[in-house]
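For the numbers below, each heavy atom of this structure counts, side chains included, while hydrogens, waters and symmetry mates do not.
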Amino acid sequence: MTPTQVFQTLSEKIKRQWWLAFFSAIGIGLLIHMPALLSDIPNHDGLASMYFDQNMITSGRWFLSVACGFSSYYTVPWVIGLLGLLFLGMAAAAVTELLEVDRGWAIVLNSGLLVAFPALASSFAYVFTLDGYMLALLLAVLAVLVTKKYKWGLVGGAFCLAFSLGIYQAYLAFAMILSLFAVLMLFAEKKSAAEKITGTLRYLGMGILGVALYYGILQVLLRVQGKELASYQGIDGMASGNGVGAGGLLHSLRAIYQDFAAFTLKGNVLYNNWISFGALILLALMAVATATVLVQNRKWWKNLWFFVIIVVMFTAVPLVTNVILLISPDVTYHLLMRYQWVLYLIGLITFVSKNACLAKKAAVLEWGAFLAAFALIFFYGVTDNIGYSNLQKKYEKTYAYCVRLLDRIEQTEGYYPGIPIAMVGMIGTEQYPATDLTLSVTGNMIGLSGDSLVYTGENYQEFIKNYLGATLNILPPEAMSEVYYSEEYISMDSFPGEDSIRIIDGIMYIKTENVNR
């Protein structure tokens with residue numbers, strides 16, 4: 001077949017709903033995230049990732065290097081961002097097919113929520129790995145879709161899940177929530193009990209096989225490379241079988257439910273003003289009204305199993321959402337790992353769009369869901385850009401600070417290129433007032449909040465090298481251990497104080513933290 005024939009055949013097989021989801025995600029994504037694509041501003045981790053081969057096998061991410069290799073290992077935000085949105089557009093199309101969404105407005109808004117949710121903005125702050133993470137997200141969605149669509153799909157789905165986890169383990173929750181949605185859709189259909197149980201076991205089997213395959217490949221590659229899992233984020237507990245933590249299973253389960261409630265109600269991400277809160281309430285009310293009509297129409301309230309399923313579902317939701325806390329209880333659970341919360345918003349919109357027609361005032365329910373979702377997309381888009389604005393200001397303030405610091409270092413008597421330098425790295429708040437005006441919005445948006453890009457000596461070294469063109473010989477943190485509690489160091493001024501830099505026994509000590517620490 002000629003290229004023309006191939007593309008024509010593909011266009012005939014691709015559904016209108018897929019195209020709509022794909023281009024909606026890319027279009028809305030560009031509108032919201034263009035500031036991050038067109039700038040080249042790192043966050044604190046990005047300072048050391050101007051070029052990074054992404055070999056993170058010691059963190060269990062054995063496929064990340066391949067996933068990020070398409071855009072090269074250089075931090076090129078425009079290329080990486082476009083690839084990330086391309087994968088995200090495909091994921092939006094896959095979600096549309098999985099949830100069987102056919103209303104155009106629901107497809108567009110679902111795709112909009114997927115690309116607007118603030119967890120994605122935090123991912124853009126770590127742009128050097130964004131394309132790999134979005135490929136992992138796509139594979140997580142495909143794992144569930146393939147399992148649903150094909151007779152032996154659980155095998156293909158397991159492979160998709162394994163490679164998704166090999167890029168970033170946090171998207172396991174994404175696959176589990178979508179599997180839960182698929183099972184609920186299955187139970188809503190008029191099928192025999194055997195078919196429903198068999199269908200449920202398919203998703204369970206896909207998950208077990210996928211995780212086993214991921215773990216098996218990980219162990220093989222660790223042995224081939226002669227490495228061990230690192231302690232970072234408690235990932236080494238996976239290999240030792242200590243995933244549930246020292247407090248035992250009950251302690252981990254309690255932490256899961258507490259964290260789910262805390263983030264949902266007080267996380268300052270799903271909502272942080274009365275408009276977003278009102279939009280969430282409106283969307284929930286439309287879903288409850290639609291559910292009431294559906295239950296009455298199908299007389300599910302007469303079936304005991306209906307109530308059993310409801311209890312099981314609400315019990316399972318926090319578990320599948322926070323499954324990472326069961327695997328690694330000591331993890332620092334930041335916003336990059338909470339992307340799955342957007343699926344509940346997508347689920348509510350999908351539910352209303354598919355079932356509101358059963359109500360006498362279907363238009364009211366659909367318009368309510370439409371307006372609520374539109375408001376949330378706008379609100380999340382504004383939130384994302386507030387974060388990007390603060391990231392720009394963080395860079396500017398860090399640049400100005402480091403210019404002054406480098407000048408002082410070079411003007412200090414006894415300085416010579418390559419002199420060993422020891423410093424804590426934190427910038428004091430006593431001599432520099434906090435100027436992050438966005439904290440009420442970006443407080444939980446890791447990578448986008450705060451006043452500065454530098455927190456350690458290594459951060460200074462990388463920033464000054466990459467943005468000021470100077471090379472400093474910053475010593476590892478252990479170099480501070482001998483003098484940190486000494487009277488001589490404590491009595492030093494904090495930068496930019498006159499006595500903030502001293503050369504002691506051939507080592508230049510720089511005090512940047514608060515005078516009284």
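A donor-acceptor pair under 3.5 Å is formed between the side chain of S481 and the backbone N or O of E478. Distance alone, capped at 3.5 Å, is enough to place a donor-acceptor pair between the S111 side chain and the A21 backbone. T75 places no side-chain N or O within 3.5 Å of a backbone atom of G46 that could act as its donor or acceptor partner. Formation of a donor-acceptor pair under 3.5 Å by the N390 side chain with backbone atoms of I386 is not found in this model. No donor-acceptor pair closer than 3.5 Å links the side chain of Y203 to the backbone N or O of M176. Remark: the backbone N or O of K196 is paired with a side-chain donor or acceptor of T200 at under 3.5 angstrom. Within the 3.5 Å criterion, the main-chain N or O of L475 finds no donor-acceptor partner in the side chain of E458. Side chain of S123 to main chain of L130: no donor-acceptor pair is present (N/O by atom type, distance under 3.5 Å, no hydrogens or angles). A donor-acceptor contact shorter than 3.5 Å links the side chain of R202 to the backbone of K151. In this structure, the side chain of Q461 engages the main chain of I474 through a donor-acceptor pair within 3.5 Å.
Using modelled atom types, one finds a donor on one side chain and an acceptor on the other under 3.5 Å when comparing Y73 with S65. Using modelled atom types, one finds a donor on one side chain and an acceptor on the other under 3.5 Å when comparing N322 with Y333. Side-chain atoms of K394 and T398 form no donor-acceptor pair, as typed in the model, at a separation below 3.5 Å. A donor-acceptor contact under 3.5 angstrom links the side chains of Y344 and T321, judged on distance only.
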TODO: In sequence, state the C-alpha distance, the side-chain angles, and the governing distance for I57 and Q225, and then conclude on side chain to side chain contact (heavy atoms under 4.5 Å, CB included).
DONE: CA-CA 9 Å; I57 191 171; Q225 297 189 26; 3.6 Å; yes
Task: ring pair (Phe, Tyr, Trp, His ring centres under 6.0 Å) between Y489 and Y484, worked out - done: CA-CA 6 Å; Y489 179 79; Y484 187 70; 5.6 Å; yes
Open item on the list: Please evaluate residues Q169 and R61 with respect to the criterion side chain to side chain contact (heavy atoms under 4.5 Å, CB included), reporting the C-alpha separation (whole Å), side-chain torsions for both, the decisive distance (0.1 Å), and the verdict.
Closed with: CA-CA 8 Å; Q169 301 93 325; R61 305 171 195 173; 3.7 Å; yes
TODO: Report the C-alpha distance between W18 and F23 in whole Å, list the side-chain angles of each, state the deciding distance to 0.1 Å, and finish with yes or no for ring pair (Phe, Tyr, Trp, His ring centres under 6.0 Å).
DONE: CA-CA 9 Å; W18 301 356; F23 285 112; over 10 Å; no
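The nearest pair of heavy atoms linking Q392 to E396 is NE2-OE2, 2.8 Å. The two residues G199 and L186 have their closest heavy-atom pair at CA-CD2, 3.7 Å. For the residue pair I26 and L86, the shortest heavy atom distance occurs at CD1-CA, 4.4 Å. Heavy-atom minimum distance, S71 versus D131: OG-OD2, 2.6 Å. The two residues N385 and G381 have their closest heavy-atom pair at ND2-O, 2.9 Å. Between V342 and L113, the shortest heavy-atom contact is CG2-O, 3.4 Å.
Ring geometry for F463 versus Y399: interplanar angle over 60°, hence perpendicular rather than tilted (30 to 60°). Ring geometry, W62 versus Y214: the interplanar angle falls under 30°, so the pair is classed parallel (tilted spans 30 to 60°). Classification of the Y171-Y133 ring pair by plane angle, with boundaries at 30° and 60°, yields perpendicular. Relative ring orientation between W19 and F22 is described as perpendicular, the plane-to-plane angle rising above 60° on a 0-90° scale split at 30° and 60°.
With respect to K149 and E97, a salt bridge is recorded, a charged nitrogen being found less than 4.0 Å from a carboxylate O. Under the 4.0 Å criterion applied to side-chain N and carboxylate O atoms, K397 and D436 are not assigned as salt-bridge partners. Checked for salt-bridge contact, E228 and R223 miss the test: no charged N lies under 4.0 Å from a carboxylate O.
N110 places none of its side-chain heavy atoms less than 4.5 Å from the side chain of T96. Taking 4.5 Å as the limit, every side-chain heavy atom of K465 sits out of range of all side-chain heavy atoms of L472. Under the 4.5 Å side-chain criterion, counting only non-hydrogen atoms from C-beta, L335 is in contact with V269. The shortest side-chain heavy-atom distance between Y467 and Y395 falls under the 4.5 Å cut-off. Counting heavy atoms from C-beta on, the side chains of M445 and H334 never come closer than 4.5 Å. For the pair V144/M206, a side-chain contact is recorded, criterion being any heavy-atom separation below 4.5 Å from C-beta on. No side-chain heavy atom of N466 sits under 4.5 Å from any side-chain heavy atom of L47. By the 4.5 Å heavy-atom criterion applied to side chains, N473 and I419 are not counted as neighbours.
How far CZ of F181 is from CG of L99: 7.0 Å, rounded to the nearest 0.5 Å. Here I208 contributes atom CD1 and L161 contributes atom CG; the two are 11.5 Å apart, rounded to the nearest 0.5 Å. Note that the OG1 atom of T429 and the CG atom of D451 stand 9.5 Å from one another [nearest 0.5 Å]. Atom CG of residue D384 and atom CG of residue L120 lie 7.0 Å apart, to the nearest 0.5 angstrom. A distance of 9.0 Å separates CG in N514 from CE in M426, rounded to the nearest 0.5 Å. In this structure, CZ in F263 is found 11.0 Å from CG in L265, a value given to the nearest 0.5 Å.
The aromatic ring centroids of F174 and Y339 lie less than 6.0 Å from each other. Ring centroids of F495 and Y401 are separated by less than 6.0 Å, placing the two rings close together.
When each of L376, L343, L270, T383 is tested with F117 by the rule side chain to side chain contact (heavy atoms under 4.5 Å, CB included), just one qualifies, namely L270.
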